[in-house]
Novice: 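I'd like to ask some things about the structure below.
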Amino acid sequence: MARIALYTATTCVKCPAAKKILVEVVHELNLKEGADYEIKNIDEGDNLIEALQKQVAATPSLLIDDELIYNGEVPNKDELLEMLKEKFK
């Protein structure tokens, strides 16, 4: 099963919109936080180091199975929904 990670930052102006879209999409697909997806703030703990190891250069960034899908941009809801429907069949 696929795993989703959204990296955000406290001062990021785009991050609230990205988080809102991800939450809407995962709720539509009945995905579970912790099991299917995570939202990680790079300002907390080792999240920045982890993000850099995964080639995250900007926030918000969304990864699916450690593949960088959106880097420094807000995901398109419809596009993300279709992409995740395929991954979580």
Side-chain angles (χ1 to χ4, degrees):
M1 182 163 287
R3 183 119 172 107
I4 305 158
L6 175 66
Y7 288 91
T8 64
T10 304
T11 58
C12 171
V13 296
K14 296 178 186 177
C15 288
K19 184 176 178 179
K20 181 179 184 276
I21 288 170
L22 178 62
V23 168
E24 289 173 5
V25 168
V26 297
H27 283 279
E28 283 185 41
L29 297 173
N30 294 316
L31 303 181
K32 295 183 180 12
E33 187 170 8
D36 301 315
Y37 76 96
E38 298 177 283
I39 298 172
K40 298 183 174 196
N41 187 319
I42 63 167
D43 300 322
E44 298 172 0
D46 292 333
N47 291 340
L48 177 59
I49 294 167
E50 181 182 308
L52 292 172
Q53 290 171 338
K54 295 180 180 186
Q55 307 301 313
V56 171
T59 57
S61 286
L62 185 112
L63 293 87
I64 301 174
D65 292 333
D66 290 332
E67 180 185 344
L68 192 58
I69 306 299
Y70 292 96
N71 190 22
E73 58 186 302
V74 177
N76 175 289
K77 182 179 177 181
D78 294 332
E79 186 179 287
L80 181 61
L81 185 59
E82 286 305 311
M83 194 180 312
L84 293 177
K85 279 181 184 176
E86 286 295 313
K87 297 271 187 185
F88 286 92
K89 282 184 177 180

Novice: How long is the gap from CG on Asp78 to CE on Met83, to the nearest 0.5 Å?
Specialist: 11.5 Å

Novice: Where do Ala57 and Asn71 come nearest, in terms of heavy atoms and distance?
Specialist: N-OD1, 3.5 Å

Novice: Could you grab the distance from atom CD1 of Ile69 to atom CD of Glu79, nearest 0.5 Å is fine?
Specialist: 9.5 Å

Novice: Using 0.5 Å steps for rounding, measure from the CD1 atom of Ile4 to the CD1 atom of Ile64.
Specialist: 6.0 Å

Novice: With sequence neighbours left out, what residues match Ala51 under side-chain contact (heavy atoms from CB on, under 4.5 Å)?
Specialist: Tyr7, Ile42, Val56

Novice: Find out if a path of hydrophobic residues (ILVMFWY) with successive side-chain heavy-atom gaps under 4.5 Å connects Phe88 to Ile39.
Specialist: yes

Novice: Output side-chain donor-acceptor pairs under 3.5 Å for residues 15-27, partner residues at least two apart or in another chain, one line each.
Specialist:
residue: Lys20; atom: NZ; partner: Glu24; partner atom: OE2; Å: 2.8
residue: Glu24; atom: OE1; partner: Lys77; partner atom: NZ; Å: 3.0

Novice: Are side-chain heavy atoms of Tyr70 and Leu6 found at a separation under 4.5 Å?
Specialist: no

Novice: For the atom pair CG (Leu48) and OG1 (Thr59), what is the distance rounded to the nearest 0.5 Å?
Specialist: 10.0 Å

Novice: Which heavy-atom pair separates Lys14 from Pro60 by the least distance, and what is that distance?
Specialist: CB-CD, 3.6 Å

Novice: CG of Leu62 to CG of Leu80: how many Å apart, nearest 0.5 Å?
Specialist: 6.0 Å

Novice: Assigning hydrophobic clusters by single linkage (Ile, Leu, Val, Met, Phe, Trp, Tyr; side-chain heavy-atom cutoff under 4.5 Å), is Tyr37 placed with Leu63?
Specialist: no

Novice: Within the side chain of Asp65, is there an N or O that forms a donor-acceptor pair under 3.5 Å with the backbone of Arg3?
Specialist: yes

Novice: If a pair satisfies salt bridge (charged side-chain N to carboxylate O under 4.0 Å, His left out) and one of its residues is in residues 46-61, list it, with sequence neighbours excluded.
Specialist: Lys40-Glu50, Glu50-Lys54, Lys54-Asp66

Novice: Can you tell me how far CG of Asp43 sits from OG1 of Thr10, rounded to the nearest 0.5 angstrom?
Specialist: 3.5 Å

